[in-house]
Structure formats: structure tokens, C-alpha cells
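Structure first, then comments.
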Amino acid sequence: MRPNIVLFGDSITQESFRSGGWGASLADTYSRKADVVLRGYGGYNTRWALFLLHHLFPLVKLFFTFSGSTKPPVATTIFLGANDAALAGRTSERQHVPVEEYRENLRKIVLESTSFSCLCTFHFIIIVSPQECSPTMLIVLITPPPIDEEGRMDYARETYGEKAMTLPERTNETTGVYAKGCIELAGELGVRSINLWSKMQETDGWQKKYLRDGLHLTAEGNAVVFEEVVKVFKEAWLDASEMPYDFPHHSEIDGKNPEKAFQQKCL
């Protein structure tokens with residue numbers, strides 16, 4: 001059975017399987033080597049994401065029940081914060097989560113997800129306290145992208161006309177505070193991270209190059225996320241070029257004796 005890579009996040013993850021999306025590019029890169037599982041939920045913040053954990057990470061139980069595998073996902077990206085950083089008192093206040101709570105919610109998500117890397121036996125999965133686990137899953141925290149406030153205002157006017165907001169519901173400065181909190185937490189927990197907020201701003205004209213509406217990604221923006229995720233995966237131990245195929249490459253199959261190529265499991 002191929003290993004699984006789970007992409008967990010908000011709309012930026014949900015949209016990642018669209019044409020040119022970073023999730024679709026990952027699926028292509030790891031084709032026949034790992035299954036990329038999309039779990040993106042548009043509009044969600046970390047507070048709401050907590051309600052999903054027991055539904056998402058028991059994926060391990062389902063994999064075991066139906067396939068006999070006891071393996072959790074080999075990697076999970078956690079890409080949340082763009083909605084938490086919506087400003088209180090503005091039009092997206094319902095999504096706002098204070099930065100201190102955002103950090104703690106991320107901590108809970110990481111610990112909960114790594115708890116499924118614990119001992120599995122027979123038809124039962126034994127879950128111990130996350131603090132007692134020695135995680136084997138590669139966790140990658142990704143900060144929210146930067147915010148183009150002018151782009152958000154333009155999008156609102158084009159979409160809502162006279163009913164559009166008069167002040168941006170997100171600011172780049174505030175989102176940067178959440179990005180900092182994400183990176184600091186990754187350091188505390190000893191997990192990998194990608195500072196997308198900083199990375200994108202290294203490029204002149206990032207506002208229009210990487211963001212189509214001041215928040216969501218263009219094709220070029222998706223390419224940045226893809227490149228950064230692959231870089232982190234390679235730096236860890238999940239380099240696609242070094243992973244075996246799930247079944248033999250066609251060049252290894254003898255036309256006169258095809259059974260021979262399938263006598264050994266590839267994974």
C-alpha cells in the first residue's frame with residue numbers, strides 16, 4: 001500500500017487541487033509513490049479545525065480496517081491562519097481568533113495528529129497521550145501568506161459593488177504576527193515549518209504576482225508553496241526521487257514472464 005500525505009488547511013488548501021495548484025503538483029510529483037489526501041476547508045480557522053481532528057486522523061483506522069495497514073500518514077501539512085488573522089470589528093470578524101489562541105490551537109492540532117503515530121495492534125489502535133508519543137509522521141506547519149490590502153479592497157468592490165467593505169478585513173501587518181506565532185510554535189514543538197508570509201515578500205511585486213484577490217493564490221503563488229513544501233520534504237526524508245514505485249515500472253516487466261516482476265512487493 002502506498003503511504004499517504006495529508007494536506008490539512010483552509011481554502012488555500014481546498015483549492016490546491018485545481019489546475020496549477022500546489023496540491024495537484026504534489027500529487028503529480030509523488031505519483032505511484034504516495035497518495036496525496038486533500039483535507040481543505042474553505043473559511044475555517046484553527047478553532048473550527050479542532051472539531052475535525054477526530055474525523056480526519058482516524059483515517060489511520062480506516063486504512064488499517066480496509067487494507068490491513070497500521071501506518072499513519074507519512075506526512076501532514078498544516079496550513080491555517082489566514083482566517084484566524086481576520087480583524088475583530090471588521091467584516092470577517094466571525095472568523096477572527098486571537099493570536100494566543102491560534103498558537104494553542106495549532107499546538108493541539110500537531111499533538112493530536114502525531115498521536116496517531118503511536119502503537120497499533122491487531123484490529124485495535126492504541127492511542128496514548130500525545131505527550132507520550134514519539135511521532136514518526138513528518139509535520140509541516142505553513143504560515144498564512146501575506147495580505148495585499150489594496151487587492152482585498154479591489155476584490156470587494158468588484159464583487160459587492162456599493163455594499164463592499166470600506167476597510168480591509170485583514171492587514172498584512174496583523175497576518176505577520178500570526179505567521180511569527182506559527183514559526184515560533186514549530187520551533188517549540190520541533191516540527192518543520194515554512195514561512196510563506198516572509199518568503200513571498202522577498203519578490204518585488206508579490207502582491208499581484210502571487211495573490212489573485214489579495215489573499216488567495218495565483219498559479220505563481222501556488223508554485224511557491226509547492227516548491228517550499230517539496231524542499232522541506234526533501235530536507236527531511238521524503239524525497240520522491242528516492243522513493244520506490246508501488247508496483248514495478250513497465251520496463252521491468254518481462255513480456256514472456258510478467259509474473260516474475262510482481263513476486264516482490266515494492267513498498
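Heavy atoms only: backbone and side chains are in, while hydrogens, waters and symmetry mates are out.
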Is there a side-chain contact between [X] and [Y] in this structure, where contact means two heavy atoms from C-beta onward sitting under 4.5 Å apart?
X      : Y      : value
Arg170 : Asn83  : yes
Thr114 : Ile139 : yes
Phe17  : Ser25  : no
Thr13  : Leu38  : yes
Val191 : Val140 : no
Tyr30  : Ile5   : yes
Met137 : Val74  : no
Pro3   : Met243 : yes

Using only atom types and a distance under 3.5 Å, with no angle test, would you say the side chain of [X] pairs donor to acceptor with the backbone of [Y]?
X      : Y      : result
Ser198 : Asn195 : no
Gln95  : Gly43  : yes
Asn172 : Pro146 : no
Trp22  : Ile12  : yes

Counting only pairs under 3.5 Å, give me each side-chain donor-acceptor contact of residues 176-187, with atom names and distances, residues two or more places apart or in other chains.
residue	atom	partner	partner atom	Å
Tyr178	OH	Asp84	O	3.4
Tyr178	OH	Val97	O	2.6
Tyr178	OH	Val99	N	3.4
Glu184	OE1	Arg103	NH1	3.1

Donor-acceptor pairs are to be reported for all side-chain atoms of residues 227-234 against protein atoms at under 3.5 Å, with residues two or more places apart or in another chain.
none

Euclidean distance, [Y] [atom2] relative to [X] [atom1], rounded to 0.5 Å:
X      : Y      : atom1 : atom2 : answer
Glu259 : Ile253 : CD    : CD1   : 10.5 Å
Ile194 : Leu141 : CD1   : CG    : 9.5 Å
Glu235 : Leu138 : CD    : CG    : 10.5 Å

Would a hydrophobic clustering, with Ile, Leu, Val, Met, Phe, Trp and Tyr connected at side-chain separations under 4.5 Å, put [X] with [Y]?
X      : Y      : value
Met153 : Leu87  : no
Ile78  : Tyr102 : yes
Trp197 : Met200 : no

Minimum heavy-atom separation for [X] to [Y], with atom names?
X      : Y      : answer
Lys256 : Pro258 : C-CD, 3.6 Å
Ser92  : Ala86  : O-CB, 3.5 Å
Pro98  : Arg47  : CD-NH2, 3.8 Å
Gln14  : Gly40  : OE1-O, 3.4 Å
Gly81  : Asp10  : N-OD2, 4.1 Å
Leu80  : Ala49  : CD1-CB, 4.0 Å

Linking Ile, Leu, Val, Met, Phe, Trp and Tyr through side-chain heavy atoms less than 4.5 Å apart, which residues share a cluster with Leu215?
-> Ile147
Report the hydrophobic cluster partners of Leu167, with the cluster defined as I, L, V, M, F, W, Y residues connected by side-chain heavy atoms closer than 4.5 angstrom, directly or transitively.
-> none
Between Phe8 and Arg39, is there a cation-pi geometry (under 6.0 Å to ring centre, at most 45° from the normal)?
->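 Not flagged: Arg39 not positioned over aromatic ring of Phe8.
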Residue Asp204 excluded, over 12 heavy atoms near CG under 6.0 Å = no
Please report the C-alpha distance between Val37 and Leu7 in whole Å, then the side-chain angles of each, then the deciding distance to 0.1 Å, and finally whether the side-chain contact (heavy atoms from CB on, under 4.5 Å) criterion is met.
-> CA-CA 6 Å; Val37 181; Leu7 312 183; over 6 Å; no
Could you walk me through whether Val225 and Phe79 pass the side-chain contact (heavy atoms from CB on, under 4.5 Å) test, one step at a time?
-> CA-CA 10 Å; Val225 178; Phe79 194 172; 4.2 Å; yes
Pairs in or reaching into residues 141-157: which pass side-chain hydrogen bond (donor to acceptor under 3.5 Å, both in side chains), with residues at least two apart or in two chains?
-> Asp148-Lys208, Arg152-Glu169, Asp154-Arg157
With a 4.0 Å cut-off, would you call Arg2 and Asp35 a salt bridge?
-> yes
Salt-bridge criterion met for Arg212 and Glu15 (N-O under 4.0 Å) |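 A salt bridge is present here (some side-chain N lies under 4.0 Å from a carboxylate O).
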Aromatic ring pairing Tyr41/Tyr44, orientation class (parallel under 30°, perpendicular over 60°, tilted between) |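 Rings of Tyr41 and Tyr44: tilted, as their planes differ by 30° to 60°.
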Just checking, any donor-acceptor pair under 3.5 angstrom between side chains of Thr171 and Glu173?
-> no
Hey, are Arg18 and Asn222 close enough side-chain-wise for a donor-acceptor pair under 3.5 Å?
->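 No, because no side-chain N or O of Asn222 sits under 3.5 Å from a partner of the opposite role on Arg18.
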Candidate pair Leu106 and Glu104, rule side-chain contact (heavy atoms from CB on, under 4.5 Å), full reasoning = CA-CA 5 Å; Leu106 278 183; Glu104 287 310 303; over 6 Å; no
Verify side-chain contact (heavy atoms from CB on, under 4.5 Å) between Thr218 and Lys209, making sure each step is shown before the conclusion.
-> CA-CA 7 Å; Thr218 62; Lys209 182 177 179 65; 5.8 Å; no
Where do Arg90 and Glu93 land on the salt bridge (Lys or Arg N to Asp or Glu O under 4.0 Å) test, with the steps shown first?
-> CA-CA 5 Å; Arg90 302 283 176 90; Glu93 179 178 26; over 6 Å; no
Among Thr203, Leu217, Leu196, which residue meets the side chain to side chain contact (heavy atoms under 4.5 Å, CB included) test with Tyr210?
->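 Testing Tyr210 for a side chain to side chain contact (heavy atoms under 4.5 Å, CB included) against Thr203, Leu217, Leu196 leaves exactly one candidate, Thr203.
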Not counting sequence neighbours, which residues clear salt bridge (charged side-chain N to carboxylate O under 4.0 Å, His left out) with Asp28? List them please.
-> none
